[in-house]
Asks: 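Below: one structure in structure tokens.
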Amino acid sequence: MIKVLLFSYLQEAAGAGQLEIDSEQLTVLQLKEKLNKEYELTNLQQVMVAINEEYATDEQIIASGDTVALIPPVSGG
Amino acid sequence: MIKVLLFSYLQEAAGAGQLEIDSEQLTVLQLKEKLNKEYELTNLQQVMVAINEEYATDEQIIASGDTVALIPPVSGG
Amino acid sequence: MSKMFEITDKPISMEDIVKKVERREAGAITTFIGTVREFTKGKRTLYLKYEAYVPMAEKKLAEIGSEIKEKWPDAHVAISHRIGKLDIKDIAVVIAVSTPHRKDAYEANEYAIERIKQIVPIWKKEHWEDGDMWIGDQLETTSYPSGKPEGLE
Amino acid sequence: MSKMFEITDKPISMEDIVKKVERREAGAITTFIGTVREFTKGKRTLYLKYEAYVPMAEKKLAEIGSEIKEKWPDAHVAISHRIGKLDIKDIAVVIAVSTPHRKDAYEANEYAIERIKQIVPIWKKEHWEDGDMWIGDQLETTSYPSGKPEGLE
């Protein structure tokens with residue numbers, strides 16, 4: 001089980017702040033494709049991914065138990 | 001009569017915050033020479049002079065009624 | 001003890017943040033105060049909402065603190081960013097930096113705000129008279145040309 | 001109405017100075033807070049005294065404000081400098097600058113403190129454990145190599 005946190009417009013698009021993906025292991029890119037297909041989240045190439053609160057590249061592996069966050073372009077400050 | 005205001009170490013050196021110079025007209029340089037001779041104020045070449053609250057050059061004329069200030073190197077901030 | 005790097009849903013007091021970096025050896029303190037602007041490119045904002053991925057945002061703020069410590073070893077930094085609903089003129093962020101020498105205090109402070117806008121997971125939703133929008137970045141588009149925040153290692 | 005450029009013998013509240021430049025159109029406010037440092041080059045300061053030629057000093061502060069207005073037309077500036085006896089950590093000067101864009105707020109603020117150290121008739125007397133001295137400039141000598149403050153027109 002992988003926990004996926006959503007923020008900003010992605011949270012509104014998905015209608016939820018948190019999803020649970022039933023998968024043992026997948027790459028960041030695979031997760032994005034999955035979210036695109038199953039939750040109709042678009043333009044995810046513009047979105048950063050954090051695994052356990054650290055930014056990750058598309059190739060990095062997400063394992064069951066990890067907390068993943070989708071980070072749209074930030075606008076703090 | 002020219003009023004001369006003294007600050008910082010010059011005030012301590014002269015033992016007064018204000019002097020009155022009995023003169024109708026003189027240049028800034030002449031005033032400095034006068035203060036050096038009559039009040040033993042030294043190193044006045046390092047000191048700026050303001051006439052009526054504006055910085056002045058050595059050649060500028062001070063007239064009776066003006067307020068002159070000797071401005072040692074400043075150290076505010 | 002008060003946190004040097006925090007995300008808070010309460011109003012921020014600039015004096016509290018400055019107190020966190022005050023020291024007997026530091027004569028220069030700079031602050032940056034980001035407030036909610038009413039007009040951006042002629043468009044009138046009614047209010048804003050800020051949202052954050054709080055634990056990661058605080059971690060990233062602390063990371064900016066570490067980066068500053070490396071570049072300006074004598075600098076002390078505190079940053080607070082508010083989330084939730086903010087009205088015009090409300091303080092969104094305060095950055096305070098103290099250093100023995102003032103030049104460093106300006107440079108380190110500006111570095112902090114630049115980095116906040118690059119790596120800290122906080123999002124702003126503008127509420128205008130005629131609608132609202134999540135603001136994607138400082139250009140008010142929602143895409144990064146490079147595909148990821150600039151300056152990210 | 002409160003003065004934008006003032007010499008005061010009372011403690012300075014940074015929030016009061018910031019309030020003077022707050023505006024609905026300005027999202028960025030920078031402040032510089034100069035405090036009394038305990039140690040300068042290993043020497044321990046007990047307290048300071050600042051003295052000013054008050055009317056000219058306020059005039060010169062306002063002049064710095066005008067210079068900033070020319071270089072950064074959107075900037076609003078307020079400066080307060082304290083005189084009299086100050087203890088360690090007391091605030092000697094606060095400069096607040098608000099601008100629509102943050103880069104200007106940093107630049108204009110730094111410009112202000114540099115100019116204060118060049119043209120504003122204020123003098124500092126350091127009181128150490130083993131004596132006291134009027135401080136002539138930022139190098140802690142009492143002479144200007146050029147015979148007058150740098151940057152003076």
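Order of the sequence lines sets the chain letters (A, B, ...), proteins ahead of strands, with each chain counted from 1. Values below: all heavy atoms of this structure, side chains included; hydrogens, waters and symmetry mates excluded.
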Asks: Between C:A52 and chain A, which part of the residue has a heavy atom less than 4.5 Å away: side chain, backbone, both or neither?
Replies: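 The backbone, not the side chain.
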
Asks: Minimum heavy-atom separation for C:A92 to A:G77, with atom names?
Replies: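 Closest pair (atom of C:A92, atom of A:G77, distance): CB-O, 4.5 Å.
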
Asks: Report the distance from atom CG of C:D132 to atom CD of A:E12, rounding to the nearest 0.5 Å.
Replies: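 One finds 7.0 Å between CG of C:D132 and CD of A:E12.
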
Asks: Roughly how far apart are C:K125 NZ and A:Y9 OH, rounded to 0.5 Å?
Replies: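 It comes to 13.0 Å.
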
Asks: So what's closer than 4.5 Å to chain A heavy atoms on C:I116: side chain, backbone, both or neither?
Replies: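 Both parts, backbone and side chain.
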
Asks: Considering the options A:T67, A:I71, A:N52, which one meets the side-chain contact (heavy atoms from CB on, under 4.5 Å) requirement together with C:M56?
Replies: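 Looking at A:T67, A:I71, A:N52, the match for C:M56 under the side-chain contact (heavy atoms from CB on, under 4.5 Å) is A:I71.
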
Asks: Would a 4.5 Å heavy-atom cut-off, applied to side chains only, mark A:P72 and C:W123 as touching?
Replies: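 Side chain of A:P72 against side chain of C:W123, heavy atoms only: contact under 4.5 Å found.
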
Asks: OG of A:S8 to CD1 of C:I122: how many Å apart, nearest 0.5 Å?
Replies: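 If we round to the nearest 0.5 Å, A:S8:OG and C:I122:CD1 are 12.5 Å apart.
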
Asks: Identify which part of C:Y53 has an atom lying under 4.5 Å from any heavy atom of chain A, answering side chain, backbone, both or neither.
Replies: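 Both the backbone and the side chain of C:Y53 come within 4.5 Å of chain A.
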
Asks: Under the criterion salt bridge (Lys or Arg N to Asp or Glu O under 4.0 Å), I'd like the reasoning laid out for C:K60 against A:E53: C-alpha separation, chi angles, the key distance, then a yes or no.
Replies: CA-CA 9 Å; C:K60 289 291 152 189; A:E53 304 177 7; over 6 Å; no

Asks: Would you find more than 12 non-hydrogen atoms of other residues, nucleotides or ligands less than 6.0 Å from C:E129 atom CD?
Replies: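 Count over threshold, so yes.
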
Asks: Got more than 12 heavy atoms from elsewhere within 6.0 Å of NZ, C:K103?
Replies: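 Atom NZ in C:K103 is not crowded, with 12 or fewer foreign heavy atoms closer than 6.0 Å.
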
Asks: Surrounding NZ of A:K3 (heavy atoms of other residues, nucleotides or ligands, distance under 6.0 Å), is the total greater than 12?
Replies: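 No, the 6.0 Å shell around NZ holds no more than 12 heavy atoms from other groups.
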
